[in-house]
2 protein chains.
Amino acid sequence: MARWQAGAQDQLEQAALALFLEQGFAETTVPQIAARAGLTTRTFFRHFTDKREVLFAGDEAVPTSVQQLMAQTPPEVRPVPLILTQLGPFAETVFGDRRDMLRRRHQIISTDQGLRERELQKMATLRASIVDGFVQRGTDKLTASLVADLAVVVLSTALAQWLDSVGPMPLSTAVAEVLAAFRRLASEVELQAGP
Amino acid sequence: MARWQAGAQDQLEQAALALFLEQGFAETTVPQIAARAGLTTRTFFRHFTDKREVLFAGDEAVPTSVQQLMAQTPPEVRPVPLILTQLGPFAETVFGDRRDMLRRRHQIISTDQGLRERELQKMATLRASIVDGFVQRGTDKLTASLVADLAVVVLSTALAQWLDSVGPMPLSTAVAEVLAAFRRLASEVELQAGP
DNA sequence: AGTTTAATGGCACGTCATGTCATCACAGTG
DNA sequence: CACTGTGATGACATGACGTGCCATTAAACT
């Protein structure tokens, strides 16, 4: 019996996903996941810091991807235009080709408050990496913060619309639509002059 | 020995806050909190769903306050102007008079990832109640979502600036400043026309 | 073949959180 | 004053989560 089955982490992920879908997240125990993957509980916690994290494995790549993209963009591109032009392509490359998987995951996450909290945390991590990218480009912190928030809001909203849509809609289209809606709101923000 | 000390919940809150500041959140156990409050562990979990929640007690009032404010505002006021005009006063009444307490709490929250996650969850709850308020006013869901996000982003940023500031700065001033910064960015969003 | 490295197994342990039942304080009633 | 009902608390058992520690084994390296 081979002890080191290739891809223990993958095994655990698949086992966990299957069990979560079958019997729910809260009703699934870590020993159950480990047993289905042919491993032990202790090994599970070596690959994932906690039971929730197994649903977010691979998301470490997202901040890295953000850093690369922002470093590649010419320094003279200002923050808002950078987001407006890069967010669509970025979303498409990172999430565009796995709508089904993201749908299954979202279905599970929506059933558990702890998982929703973790998802918010992941978005906050993404936001932080965007802020960091802007600061490294010389943007002041307040602007970096607000533009990163803008990016995360638009991305989240577009992802929700995309996952909720039925036809073969491209994610970049959803991003464009949300950006258009945001543009309309932005004009109202301007008109309302402050005292 | 009186068994029903008045205000068991308050006792637990104060004991928890003190212990968290003394030895940290993770290093404090629920039995310790209960013991200092003169109660048992089981009683702690009757008043708070989990160990983190003790730091967020009283925040249930915030969504209620949002509902009231949005219901009182005349129906003809459009979403964006509503936020622009009401957010400052709202923040002032809800948070304005307890900067010190919020500072202590923030100091604790910043040390623990689980607490940060819970704080994000609370902001998401606030966001949801704003969305609900807009939908009840007849706003379409996408607009309601985006404007609620705008409100939460501005509020969070302003709160951060306010808690970080040294002098006797009013929270409404911080909100106004963040709104001004956002207005500048909004103009850039408009200029950048989509394809 | 021997050595080193890294992943895993196995066990103990503390904490968190919940279900269950007994117990006690207090209010109301006669 | 005695009786009763309601609600908060105490006390105990239980299960799951997550971590520290060390032995074990596979695979790579020499």
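What you are looking at is a predicted structure, and each value in this text was computed from that prediction instead of being measured.
Between F25(B) atom CZ and dT15(C) atom C1' the separation is 12 Å, expressed in whole Å. Going from atom CG of L39(B) over to atom P of dA11(D) covers 11 Å, rounded to whole Å. The interatomic distance linking Q11(B) (CD) with dG10(D) (P) rounds to 12 Å, in whole Å. Residue Q23(B) contributes atom CD, which lies 14 Å from atom C1' of dT15(C) at whole-angstrom precision. Rounding to whole angstrom units, CG of residue L115(A) and P of dC17(D) are separated by 12 Å. For the pair L12(B) CG and dT9(D) P, the interatomic distance rounds to 8 Å; values are reported in whole Å.
Among residue pairs with one or both ends in residues 53-67 of chain A, those qualifying as salt bridge (charged side-chain N to carboxylate O under 4.0 Å, His left out) are E53(A)-R118(A), E53(A)-K122(A), D59(A)-R105(A); sequence neighbours excluded.
Looking at residues 40-55 of chain A, you'll see T40(A), R42(A), T43(A), R46(A), H47(A) sit with a heavy atom under 4.0 Å from some atom of DNA chain C.
Between the side chains of R99(A) and S165(A), at least one donor N or O lies within less than 3.5 Å of an accepting N or O. No hydrogens or angles considered: a donor-acceptor pair under 3.5 Å links the side chains of Q113(B) and E117(B).
Applying the side-chain hydrogen bond (donor to acceptor under 3.5 Å, both in side chains) test to T111(B) and every residue at least two apart in sequence or in another chain returns nothing.
Judged by distance alone, with hydrogens and angles left aside, the side-chain atoms of S156(A) form a donor-acceptor pair with the main-chain N or O of V152(A) at under 3.5 Å.
Of the charged side-chain nitrogens involved, at least one lies within less than 4.0 Å of a carboxylate oxygen, so that R36(B) and E22(B) count as a salt-bridged pair.
Distance from the side chain of V30(A) is smallest for dC17(D) among the nucleotides dT9(D), dC17(D), dT8(C).
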